[in-house]
Amino acid sequence: MTRYLITSALPYINGIKHLGNLGGSMLPADVYARFLRQKGEDVLFICATDEHGTPAELAALEKNQDVETFCTEQHEIQKSIYQRFHLSFDHFGRSSSSQNAELTQHFCKKLMENGFIEERTIKQVYSVDDGRFLPDRYIVGTCPHCGYEAARGDQCENCTRVLDPTDLINPRSAVSGSSNLEIKDSKHLFLNLPAMESKLAAFIDEHEAEWPIVVTSIARKWLKEGLRERCITRDLKWGISVPKEGFEGKVFYVWFDAPIEYIGATAEWAEKDPEHRDWKSWWYDAKDVRYTEFMAKDNIPFHTIMFPATLFASGEPWKKVDYIKGFNWLTFYGGKFSTSQKRGIFTNQALDEFQPDFWRYWLMANTPENADSSFTFSSFAATINKDLNDVLGNFVNRVLKMTASKIGAAVPAGGEWTAVEKEFIQTLQKRVTDYTKYLSEMEFRKALTELRAIWVEGNNYLTAAAPWTVIKEDPEKAAMILRLALNVIRLYAVLSAPIIPETAEKIQKLLNLENAGYAWPKADLTEELQTLKAGHAFNVPEQPLFQKITPEAVTDLCARYGGNPDE
RNA sequence: CGCGGGAUGGAGCAGUCCGGUAGCUCGUCAGGCUCAUAACCUGAAGGUCGUGAGGUUCAAAUCCCACUCCCGCACCCA
């Protein structure tokens with residue numbers, strides 16, 4: 001049987017992530033993982049914090065902490081936020097783990113053995129006052145082409161020309177501002193990507209028809225422009241040390257070890273229960289594994305070119321990705337989420353405002369699958385109020401309350417399905433089939449449209465069956481209608497669980513089905529809709545499932561997070 | 001000519017790969033119902049698909065060409 005390996009792009013360690021990070025990789029990956037588990041598949045869902053690199057060092061510096069303490073703290077913060085969002089990682093690891101260090105060094109050795117690594121001496125800028133080498137982008141100075149005074153060492157943002165740090169006039173450190181800089185020779189390792197070109201091109205070709213356009217177009221662009229040898233080491237202290245003589249005090253480039261952490265995190269996972277878990281079976285010569293990666297578009301070059309190149313070059317049968325689900329950006333009122341401008345809402349803030357399912361639902365209904373999509377509080381409120389409150393919440397509420405008040409708080413007995421019921425079930429069946437198909441294909445927007453339509457069918461049926469009228473003339477028939485409606489509620493919990501797990505749980509509790517699980521329905525719903533038998537007691541809700549977001553709340557949120565209530 | 005992505009009723013989207021005169025959600029208007037969170041259900045109005053009295057075709061939102069506008073690629077950040 002196929003086993004499903006799922007990874008989400010690793011969130012970077014240097015701070016709490018915003019909604020876009022959540023909606024653009026971790027959350028859709030979670031929905032897919034949950035869906036497959038409900039279908040009874042063997043799933044391993046892996047994520048981790050990406051902890052190396054200069055930004056982590058600088059963020060730690062700013063907080064006056066040593067990098068390791070900083071990372072440990074930030075890792076815990078992020079981990080707890082994701083738990084609160086009910087992200088169902090089998091393991092949420094750390095790229096600074098010993099497992100990752102070991103694997104990264106292993107790959108480096110293999111690549112050296114196979115002749116894909118070259119050693120070169122390059123000139124690096126060293127800041128005497130900072131006591132460290134500075135990456136290109138942390139050197140600022142005057143652009144020799146246009147005279148712009150705040151040009152960075154890698155590119156001038158004014159004239160967009162690509163620069164070398166040594167081109168800059170009056171260079172200084174972006175960290176301290178010190179102009180006491182020296183150019184030093186430094187030995188580094190380069191990954192010979194050009195040697196991998198044909199193999200990578202074949203790899204992309206192989207998947208071209210299947211993968212999203214945003215993925216293949218970015219990958220092809222890189223190939224078309226020609227691959228260059230890529231430096232995979234850095235003059236930093238924080239990171240995975242390079243297992244080679246003469247490279248003491250140097251570490252791997254963060255983008256070299258980060259994807260390897262997918263494997264590393266799996267090893268971390270296995271180590272917690274070595275008796276029953278075998279990380280290698282998921283990654284090495286794993287022919288029965290289907291591997292899906294989730295990421296936003298900025299990550300695509302690393303996952304279509306760099307990481308596969310590493311795996312190919314090892315010469316070992318490491319598992320390569322089968323499907324890449326790539327996303328565009330989620331924007332905030334059409335613009336970028338911005339820390340410094342206080343634009344946008346961060347994951348911790350989001351949880352302080354509303355229950356996780358509100359966010360999960362909106363983000364999945366508006367996933368930037370084909371184009372960037374824009375978050376606005378008005379849209380958020382409208383979607384939550386309509387779909388979750390009026391359509392789903394109201395359906396659950398009206399059925400439970402009516403049954404309890406007219407008959408009693410248990411599934412009523414009597415009556416047989418009529419043509420109306422059979423037609424309703426057929427409609428549901430078709431929609432559930434489509435919904436299942438969309439989830440399997442990771443077509444999330446379409447899936448959510450379908451899920452909503454499934455909820456609407458319930459209300460539709462109630463209007464057609466009108467149990468509140470029927471009960472006066474034919475109590476048996478009314479009992480049958482409500483029995484079916486109660487079973488539909490249960491079905492909704494199962495179908496909604498991948499998207500809004502907390503709500504599914506609430507519904508199961510209302511139905512006294514707390515440990516019943518969420519096994520995905522079969523194609524034929526006949527049996528499924530008779531799961532709850534006559535006499536099965538349920539709880540009458542004191543409150544509806546959800547509460548609406550008022551216009552005043554929208555105004556308030558906009559004021560606090562930088563949005564426009566009219567948009 | 002830097003790269004990439006967009007442009008479809010008031011708003012947000014689908015349809016474009018495999019051409020055959022537009023579909024969904026919200027909003028608006030009208031009606032139905034009264035079990036339910038003034039919720040639910042039904043119907044209607046509203047677009048000729050960025051521009052070019054361009055090209056191909058019996059036929060184009062859908063293929064080809066030219067142009068225009070918008071958004072990312074620049075601190076923070078994905």
Side-chain angles (χ1 to χ4, degrees), chain A residues 9-12 14-15 17-26 50 55 58-59 137 140 148 150-152 154-162 174 209 213-214 217-218 221-222 224-225 295-300 327-332 334-344 346 365-366 368-374 376 378-379 382-383 385-391 393-406 443 445-446 448-450 452-453 456 458-471 478 481-482 485 541 543-548 566-567:
Chain A
L10 309 185
Y12 197 67
N14 66 343
K17 304 292 107 179
H18 55 65
L19 282 184
N21 297 296
L22 180 67
S25 61
M26 290 180 277
D50 175 13
L58 295 180
R137 53 189 287 207
V140 294
Y148 181 66
R152 300 185 318 173
D154 53 351
Q155 189 180 31
C156 171
E157 67 192 61
N158 189 48
C159 68
T160 74
R161 265 194 244 227
V162 177
I213 295 164
V214 67
S217 73
I218 290 175
K221 182 195 153 199
W222 274 64
K224 202 175 74 187
E225 288 175 355
M295 72 197 67
K297 57 186 172 188
D298 63 312
N299 270 260
I300 289 169
F327 294 94
N328 290 285
W329 301 132
L330 177 70
T331 64
F332 187 78
K336 294 211 286 183
F337 280 81
S338 167
T339 318
S340 54
Q341 288 169 38
K342 297 207 165 152
R343 280 171 46 84
F346 285 73
N366 296 280
E369 274 172 328
N370 299 314
D372 293 354
S373 65
S374 174
T376 69
S378 306
S379 154
T383 303
N385 291 346
K386 193 71 198 169
D387 296 2
L388 254 32
N389 280 273
D390 295 347
V391 179
N394 184 235
F395 178 77
V396 172
N397 199 235
R398 68 195 292 208
V399 170
L400 294 179
K401 281 207 170 150
M402 183 177 12
T403 310
S405 71
K406 307 261 174 185
E443 291 270 11
R445 286 177 91 117
K446 287 179 182 171
L448 275 265
T449 301
E450 207 55 41
R452 194 198 120 92
V456 168
N459 284 312
N460 220 328
Y461 166 67
L462 277 192
T463 303
W468 48 87
T469 307
V470 170
I471 198 164
I481 295 167
L482 291 170
Q543 289 254 320
L545 278 180
F546 308 105
Q547 292 203 316
K548 292 197 187 185
D566 298 325
E567 272 182 49

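The chains referred to below are lettered A, B, ... by the order of the sequence lines, with proteins before strands, and numbering in each begins at 1.
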Pair assignment for [N], Watson-Crick or G-U wobble, requiring both distances under 3.5 Å:
| N | result |
| --- | --- |
| B/rA22 | none |
| B/rU42 | B/rA30 |
| B/rU62 | none |
| B/rG72 | B/rC3 |
| B/rC77 | none |

Base, sugar-phosphate or nothing for [X]? Non-hydrogen atoms, less than 4.0 Å.
| X | answer |
| --- | --- |
| A/V456 | sugar-phosphate |
| A/P467 | nothing |
| A/F546 | base |
| A/L400 | nothing |
| A/N385 | nothing |
| A/G393 | base |
| A/K297 | nothing |

Grab the [atom1]-[atom2] distance between [X] and [N] for me, whole Å please.
| X | N | atom1 | atom2 | value |
| --- | --- | --- | --- | --- |
| A/E369 | B/rA14 | CD | C1' | 12 Å |
| A/W329 | B/rG72 | CH2 | P | 12 Å |
| A/L448 | B/rG12 | CG | P | 19 Å |
| A/Q547 | B/rA38 | CD | C1' | 16 Å |
| A/Y461 | B/rU42 | OH | P | 16 Å |
| A/R445 | B/rG23 | CZ | C1' | 15 Å |
| A/F395 | B/rC41 | CZ | C1' | 13 Å |
| A/N366 | B/rA11 | CG | C1' | 13 Å |

Side-chain heavy-atom pair [X], [Y] within 4.5 angstrom cut-off:
| X | Y | value |
| --- | --- | --- |
| A/E369 | A/F327 | yes |
| A/N397 | A/L545 | no |
| A/P55 | A/N14 | yes |
| A/K386 | A/R452 | yes |
| A/K17 | A/S25 | no |

With rounding to whole Å, what would you report as the distance between [N] and [M] at their [atom1] atoms?
| N | M | atom1 | value |
| --- | --- | --- | --- |
| B/rC3 | B/rG47 | P | 38 Å |
| B/rC69 | B/rC64 | P | 22 Å |
| B/rG27 | B/rU56 | P | 46 Å |
| B/rU62 | B/rU21 | C1' | 12 Å |
| B/rG43 | B/rA53 | C1' | 39 Å |
| B/rA22 | B/rU68 | C1' | 25 Å |
| B/rG72 | B/rG31 | C1' | 47 Å |
| B/rC1 | B/rC75 | C1' | 30 Å |

Return no unless some side-chain N or O of [X] is found under 4.0 Å from OP1 or OP2 of [N].
| X | N | value |
| --- | --- | --- |
| A/N460 | B/rC41 | no |
| A/K386 | B/rC40 | yes |
| A/N14 | B/rC76 | no |
| A/K548 | B/rA38 | no |
| A/R452 | B/rC26 | yes |

message = Nearest 0.5 Å, please: how far is CG in A/L448 from CG in A/D387?
response =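 CG of A/L448 is found 8.5 Å from CG of A/D387.
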request  = Say whether, by atom type as modelled, one donor and one acceptor occur between the side chain of A/N459 and the main chain of A/V391 under 3.5 angstrom.
outcome  =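 Checking the backbone N and O of A/V391 against the side chain of A/N459, a donor-acceptor pair under 3.5 Å is found.
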ask   = So, the side chain of A/T403 versus the backbone of A/L482: is there a donor-acceptor pair under 3.5 Å, distance only?
value =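 No; judged by distance alone, with no hydrogens or angles, the pair does not exist.
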ask   = Which sits closer to the 5' end of RNA chain B, A/T469 or A/N299, going by the nucleotide each is nearest to?
value =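 Final value for this comparison: A/T469.
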inquiry  = Need to verify one output field. Residue with the more 5' nearest nucleotide on RNA chain B, A/S405 or A/S374?
reply    =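 Here A/S374 is the residue nearer the 5' end.
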If you check the [X] side chain, which of [options] turns out closest?
| X | options | value |
| --- | --- | --- |
| A/V391 | B/rC77, B/rU34, B/rC40 | B/rC40 |
| A/H18 | B/rC40, B/rU37, B/rC77 | B/rC77 |
| A/T449 | B/rC77, B/rC40, B/rC24 | B/rC24 |
| A/W468 | B/rC33, B/rC40, B/rG72 | B/rC33 |
| A/N397 | B/rC40, B/rU37, B/rC35 | B/rU37 |
| A/K446 | B/rU37, B/rA14, B/rC41 | B/rA14 |

query = If you take atom types as modelled and just measure distance, does the side chain of A/N389 reach the base of B/rU37 with a donor-acceptor pair under 3.5 Å?
reply =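 A donor-acceptor contact between them is present.
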Crowding at CD, A/Q547 (>12 non-hydrogen neighbours, <6.0 Å) =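 No, the 6.0 Å shell around CD holds no more than 12 heavy atoms from other groups.
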